Each structure stands twice: as C-alpha cells, then as structure tokens.
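Written below as structure tokens is the structure these notes are about.
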Amino acid sequence: MGTIQLSCIQIAIGLLFLTQAKSTKEETSAHRNYTITSCISDERSALVTFRAGLSDTANRLSSWKGGDCCQWKGVHCSNITGRVIRLDLHGPDCHNSIVQVLGGNISSSLLGLQHLQYLDLSCNRFELQILEFLGSLYNLKYIDLSNSYFVGRVPPQLGNLSNLRYFSLDSTLGDTYSRDITWLSRLTSLQHLDMTFVNLSTIAHWLPVVNMLPFLKILRLGYCDLTSSPDSLQFSNLTSLEILDLLANDFLKRSTPNWFWGLTRLKYLDISASGLHGPFPDEIGNMTSMVRLDLSSNDLVGMVPTSMKNLCNLEELFLFENNINGCIAEFFQRLPSCSWNKLQTLDLAFTNLTGSLPTTSVPLSNLTILDLSCNKLTGPLPLWIGELTKLKSLYLGSNNLDGVIHEGHLSRLDMLDVLTLSDNSIAIVVSPAWVPAFNLKTLELRSCQLGPKFPMWLRWQRQLYSLDISNTSISDTLPDWFWVSTSSVLYINIRDNKIRGVLPSTMEFMRGIAMDFSSNQLTGPIPKLPTNLSNLDISRNNLVGPLPLDFGASGLQTLVLFDNCISGNIPSSLFKLQSLSLLDISGNNLTGSVPDCLDNESTINTTSLSIRNLSLRNNHLSGEFPSFLQSCNLLIFLDLSNNHFFGTLPTWIGQKLTSLAFLRLRSNMFYGHIPVELMKISNLQYLDLAYNNITGIIPTPIVNFKGMILMGDNDAGYEEAFGHGLAIGDNELVDYSENFTVLTKGQERLYTGEIIFMVNLDLSSNNLVGDIPEEIGSLVALKSLNLSWNAFSGKIPEKIGALVQVESLDLSHNKLSGRIPTSLSALTSLSRLNMSYNNLTGEVPSGNQLQTLEDPAYIYVGNPGLCGPLLLQKCPGQVEDPTYIPATQGDNEGVTDVTSFLLAMGSGLVAGLWVVFCIFLFKKKWRVSWLSLCDSMYDRISVLVAVTWASLTRKS
Ligand SMILES: *[C@@H]1O[C@H](CO)[C@@H](O)[C@H](O)[C@H]1NC(C)=O
Ligand SMILES: *[C@@H]1O[C@H](CO)[C@@H](O)[C@H](O)[C@H]1NC(C)=O
Ligand SMILES: *[C@@H]1O[C@H](CO)[C@@H](O)[C@H](O)[C@H]1NC(C)=O
Ligand SMILES: *[C@@H]1O[C@H](CO)[C@@H](O)[C@H](O)[C@H]1NC(C)=O
C-alpha cells in the first residue's frame, strides 16, 4: 500500500511540474518580463516534503497547493531570482502555545532551499532537537526559533552561518542547552542574539565569546543559569550594544564592579533577579543613554545614587524588590529632572520606602505606571497624583497611607485602568453623584474605608475584570445595578462587609470565575451559578433554602458555604460537579442522608470525583457512613462531625480513601469496632472518633499510621487541598482556611488553617476496652492523644514516653491500673496531662516538664492509690524533705497557689481556674508557633511571587 501511495504522489507532483513549467514558459515569452513570480520546481518539492513532515492541525498551510509556491502563505521568493528566500511560519499566538501551532518533524528537505535568508518558526510546538543541518543553509541571515519548544543541545554547526545577523532561540521551556559556545564566536555578523532560557550553566567563559561579535546590538541571555559576570572587559568589542538582558541568572556577587557598567551606550539593561548585592552603583550615572533600566529583585540596598540625575533619556525604571529603605521624598529628588517628562514607568514595590509622598508636585507628565505597593509609606495621597493624566496603573496597596481620597484625586485620571489601594487606612469619600472619567479594569480597595453606604460610582465601572472591595466597612443593601455592573467581572470579592441583599436569579448569566461573598448578611436561596464559575465562597451569611438542584457551574472547583442557614437534603446534583475539589457546607441545617451518586448513575465504574476536602460537620445529617465516598479516592480531609450519622465504619474505607489524612467523625452515633482496614490509610495524621458509641479494642496495626509517625513533607499538597492560592493580583479570592473548633488541651479552640500541622488521635467518649496497645508509643509525631472516657484497662504502656511531640495527653476516666510509667517525664513538650479517675497506684513520676504542669492535684484526682511529692501525699517509705517545694519554681506564691487548689479540689472551681490558666499559657504558645508558620509560608509565597513576577516582566 505504501508504494501505491508513493507513486500516486509522484504522479501528482509530476503533473504539477508539467503545468507549472508550461505557465512559466508562457509568462516569460509573452510578457518578456524578467520578474519571475513562479517558484523553482526543486524548491517546490523541497517545500512539499517539508510540509508532509509537519503536523498542522489548524490547517494553517492550506494555501500550500498549486504550482506557484511563491504564492504560498509564509513563502517568499526573490523577485529577481525566483528563489525562496524567506520562510515565515511563526504561530499566531506566542502566549498561547497550543493555538494553531505547527509540530511534527522538520524535514532535511529544507536543505533544498539553499538561497534561504530568513527562517521564522517561532511560536509553534516542535519538541524537537534543533536541527544541525540548518548550519548548512549558508545564506541564512535570520533565524527565529523562539517559543517553539525546541529541546536538547544547540548544535555547534550553526557556527557556520557567518552571514547570520539575527538569531533567536528563546525557548520558553528551558530545555535547550549548550555546553560549549565557542561556535558562537564565528557568527561575526551577528547583531541580535537571543538565547533566553538556554541552559548555559556549564559555561564559565561566555563573555569572551560574546565579545568576539563586534556588531552585536541586542544580547539576551536571561534565565541562562550563567554564574560568572567578570568585573570588567578590557577590550570591549561590544561598542554597538544597546540592549542587554541578563535577568534571572545566578551571579550572586556585588553590584559593582561588573563589566556591564562599562557599556555606557546601553539603552536597555535588565539585570533583575540576578543575585546582585551591595549598593545601587554610582556607575549608573555614566549610562546616559539609558531608556529602560531594570534592577528589580536583587539585594541592592540604600538610596539610589545622585548620579541618576544624568539619565536624561530614562523612560522606565524598575527597582522593585530591593531594599532602598529610605524616604520616598528623597527618592523623587534623585529622579533625573531632565527626564521627568519622559518617564513612563516607575516600579518601586517592595523596596522599604518610608515617609510621605512629597506634597509639592512632581511633574511626571508622561507617567503611565506607578507602583509603590508594599512599602512603608505614610500620610495622605497628595493631590498632584491627580495631575498625572497619562496614568494607567496606580498601585499603592499594602502601605500605611491614610487620609481621604476624593474626586480631586481621581477625576482627571481618565486613562486609569488599574487602581489598587488595598491594605491602607485610606478613606474614599466621593459624592454619590460622581461619575468617574476612568473605566477601570482592576479595582482593589481591600480594607480601605468605602462604606457605610455602598459606593455608587462603581455603577459606572463596566469594564472591570477584577474587583476587590472586601473589608471596606460597607453596611448597606446591595443595589440592583451591582449585578449588572459586575456581570462581566471575572473576579469579585466583597467579603467581610455587612452587605445585605439576595443573590440574583440571573446570576447564571454572569461571567465570574471566582466570587467571594463570605462574611456578609446575604439572604435568600442559592440560585443557579454562573457557567464559568470555578471558585465560590458565600460562607458566613444568612443564606436559606435548599442547595440548588442544578448548580449550573459544571467546572466548579471550590464551593464554600459554611455557616449559613441552608436547609433540606444534599442533592445529588452536587456529584455532577466532577471538578469539585473543596466542598465545605458545614454549619447549616442540612438534614436527611447523603445521597449515593452511585445509585442512579449507569456509569458506576467511571464515576470518580475530584473532591479532596469535604466538610459536612455541624448539620443534622443522618444515615450510614456516606457510600458515595467510595468514588472519592483523592479525599484528604473528611469532616462529618456533629451530625447524626450512625452505623458501623465501613471496611472499604481502607481501600478507597487511601489519600485520607484527616478524618473527623466526632459527635455522631457510629457504633461497632474500629475496622482494622482503617489502619491501611497510612497518611492518616488526624483521627477523631470521639463522642460515638465505638466498642471493642484499639487494633494494634495502628502503627501503620505513618502520618502519625513522620511529619509529612506533604504540606504543599495539602495546602492545595485546603484551597489556598487563588489570587488574582492582590485580590485574594476564596482565601479558604479550614476552620473548626477542636477540643484539645481541655478547651475548645477555633482553628483556622492550621490543621495541616496537627497530628491528633482522639478516641475519647466511646466504649473502647482492653489494653492501650504498647504500639501507640510508635506514633511519635502525635501532638495530642485523647483516650479519656472509655473503659481501657491494664497498664499505661511504658513506651508512652516516646511520644516526645505530645502536648496534650488525656487518659482520664478509664480503668487503667498499675504505676504511671516514669518515662512520662521524658515528654518535654507536654503542656496538658490528665490521668484522673483511673485506678493508678504508686508514685507519680516527676521531673522535667511534669514539674511545671499546673495543678497536679487535678491531673491525678480520682486515683486514691497515687502518691508522691507532686501530690503532697507521702508514699510509703518516702523520706520527708522539709525544704522540698512542690510543683513550682519555689517562691511562696507557688505554695499558696497549690494550697488553694487543694482547698478548692472537688468543687467545680478547679476546672474553671484551669481553663483560665490554660488560655493564658497556650495563647502565647500558639502565637509563637503561628508566627513561625507564617514566616515559613511567607518564604514560600515570596519565592513564588518572585518567580512569577520575573516571568511576567520578562520581555516586557
Ligand atoms: C513586470 O511585471 C510586473 C507586474 O506583473 C510589473 O509591475 C513590472 O513593472 C514588470 N517589469 C518589467 C520590467 O516589465
Ligand atoms: C523586489 O523586492 C524588493 C524587496 O523584497 C523590493 O524592494 C523591490 O521593489 C522588488 N522589485 C520588483 C521589481 O518588484
Ligand atoms: C573583537 O572582535 C573581533 C572580530 O570578531 C575579534 O577578532 C577580536 O579578537 C575581538 N576582540 C576581543 C578583545 O575579543
Ligand atoms: C564615568 O565615566 C567617566 C569618564 O569616562 C569616568 O572617569 C568615571 O570614572 C566614570 N564613573 C564611574 C562611577 O564609573
């Protein structure tokens, strides 16, 4: 068959040649015109073969038919020789590398185009090695392979292209590399070299090679993993260089000396995110041609040099993420006044700028982007900002600005399309009748003062894309026009206000992708949701009625509805949301049993849900353990607590829910044994079965809970499951944090978002019997162990002292007997202990942490056989030590404290006091651990931001 096909093609080609030859002949003879428009047949067949190797799903090369290949799209012939000299097949959309891309193979038939001067294959998706044979197309002057997913080694054969002037390899994926670039030095005609993202990490002496290219005007070596930047270049050939990109390399050296400061002709210099430290160099002042200077994301410190005054051509200045740590007024003074009317971009975010904005006008009449966000600026916004009439983007978020912004600041800014003032103490006070001249795309006013009335001027903002008016003291009814004005907004955030109103029945026609209405006073039912919606948070409102029978938004990923008054059953429509990953409908009035999505689905085997985090707690749900969970094998967090579920715990739990890490079933009516199969869930780090009617023993395979043995490295994965991370710019949408109360250390605590760090085993208030297995001592990551109010008997396991992380240990109200293991004193993290109401005997261990625990009498009460200094109850044979002062560090106050506790013992007072002490003690502790958590999260986030930021600013 292959041969038949081949011969058909040959015949077809042959026929084409004939017709073509004929027409060429006719043309030349008839018109005597030496301008040849038809293509050379050899070249045509080269192109045909080339095309046959390509994949072209969008049929971009549909014009590649007919005899005259010079008419084919992207093919250009010389109007003198008729030879193909240009091949321009760049994709239509470089930012979207799947739209209409070409792929497949690149045939060496291209070698037939020996006169080719220009080759542009950019913005496609080849995923091929860069072709060595290109090095034999000696006439090439221009090669653009950027953004086309070429991979592998850059072939040194390209060094043969001595006519090459333009060479771009910027490969977006970073999968190309070069271990040796001496071949580059032979491209002596080169004017434009772009190797962004080509990995050059093994090349130490790249600069001498580049310095062999005397005509170079543009050099882009960003993201190349370069590590060396010589101090100077003695004989610089790079006298023509105008544009130099060295961003995102690993120079890790002082800002000065560096060879590039000597390139005083440079117009564009990008040396951002390259690990430069030290001061902002004086040398900048010699680069008087500079138009665009980007030093962002380094560790440069101190005020910019006065020599900056010489930069009379400056249009764009990026210094964000450095540590200027000085007064903004002084900074403005050092901006070159000779370029005030040229400056378009000034990005100073995250630079530790202090003080107030200067009160006297800075006439930056061309300024379009001003970013001062995330600094320490104070004082009011001066009126002269309102004179920057070219301004398009104004970012002032996360400062300490205050004062009032009124129409005067804003009414002349008719080009403005981004305004961010979030996290300042700014009040925006405008007349209700004010109609702004601008039409914003992004408006972020989080935590500013907008209310109490709903801001009427928002009505006229019809092009918004992202809107954040969360926590802006609005206490008003949502006007009807709000839903009209925001019908095209993709990201809406109005959380933390006192906004009243109902969700409109037309909500399904809105274009929103993420909406956060949480913590308001919205009422009424939940309507059908916008088609494209993926994240919705309406928690902490007064929504009523049932969940919709048709949610509409089939791509919904996050649905957070906790703490409302939603009633009725859980509809099976919920299980049609195949992308749903986080569902929190806790704290509502839901009743009935959870439907089984498997019941009425014919496609039982293919039904699998994406849900990772499911909270149904605090409702009135009943029925058996929901069987639809069998199709939720990605589940990490499951909370059914405080409902009326009953029945036994299913044995399939161990096969189906293998990712489960957090299981909360407390306060239900589950009965039966703890299934051994549960122990197969090795990631489980949080198991709470308290307040049920569970019977039987603790199965010994409990040691399988790896999640309770090692603190996982899984935190990042869990964070995703907990819904963090949908932020559009500064607009943190659906900033969901798991929040529920946990009874630990004797008090009910509200936990918000900290659960991923908790390791907890709580089986309290059940009817468990038998020994506490010795194996429990293996669960060394446990922070809290509560086995109280059961009927455990036997001895306390000796290995209990191995639980070195444990902060809270409660074995009270059981039938435990024997001595308390002395190993207990090894529990240095312990801050709450309860052994009361057992049959323990012998001496209470002391030492270490045990010595510092408050109220020993309460800890051990109800064990008449216990004795020891901590209890002021002499053990038989114990020597009286009159100088021994129990329980405290030895001041008299301690004694009276303990005495008064003893006196109060038996009355409820003890418990009450205990709680007070605890709160005092642990609040501080929690604060500390919470802060360190914040720090580590901040680090992670800031790295992320830096990376994203860098990739966004790349090439802008
Ligand atoms: C050749 O033909 C083109 C149009 O086909 C015309 O513009 C051009 O002037 C002609 N040149 C000569 C030399 O006749
Ligand atoms: C040939 O093409 C060049 C540019 O490619 C153009 O400048 C020139 O005018 C063309 N000559 C003719 C005769 O069409
Ligand atoms: C400057 O470029 C020329 C031409 O490539 C080369 O011969 C010469 O060695 C270069 N000079 C230096 C100092 O590299
Ligand atoms: C700036 O250039 C002048 C003249 O070329 C030179 O004398 C001076 O040292 C340079 N300044 C810096 C800071 O490099």
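Just so you know, ligand 1 is whichever comes first in the structure, and atom 1 is the first atom listed for that ligand. These numbers come from the heavy atoms of this one structure, side chains and all, not from hydrogens, waters or symmetry mates. As the structure is a computational prediction, the values presented were derived from the model and not from experiment.
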With Cys327, which residues qualify under disulfide bond (SG atoms under 2.5 Å apart), at least two apart? none
Using a 3.5 Å cut-off on N/O to N/O, what pairs does ligand 3 make with the protein? A line per pair would be great.
{"from": "ligand 3", "atom 1": "2 (O)", "to": "Asn237", "atom 2": "ND2", "distance (Å)": "2.1"}
{"from": "ligand 3", "atom 1": "5 (O)", "to": "Met212", "atom 2": "O", "distance (Å)": "2.6"}
{"from": "ligand 3", "atom 1": "11 (N)", "to": "Asn237", "atom 2": "ND2", "distance (Å)": "2.9"}
{"from": "ligand 3", "atom 1": "14 (O)", "to": "Asn211", "atom 2": "ND2", "distance (Å)": "3.4"}

Residue pairs passing the side-chain hydrogen bond (donor to acceptor under 3.5 Å, both in side chains) test with at least one member in residues 251-262, sequence neighbours excluded, are Ser229-Asn258, Ser229-Trp259, Asp231-Lys253, Lys253-Asn258, Thr256-Glu283
For Cys374, enumerate each residue passing the disulfide bond (SG atoms under 2.5 Å apart) test, keeping only those at least two apart in sequence or located in another chain. none
Side-chain H-bond candidate by donor/acceptor type, Asp170 with Ser168, under 3.5 Å: no
Gln71 versus Asp68, side-chain donor and acceptor atoms under 3.5 Å: yes
Nearest 0.5 Å please: distance from the CD1 atom of Ile106 over to the CG atom of Leu119. 7.5 Å
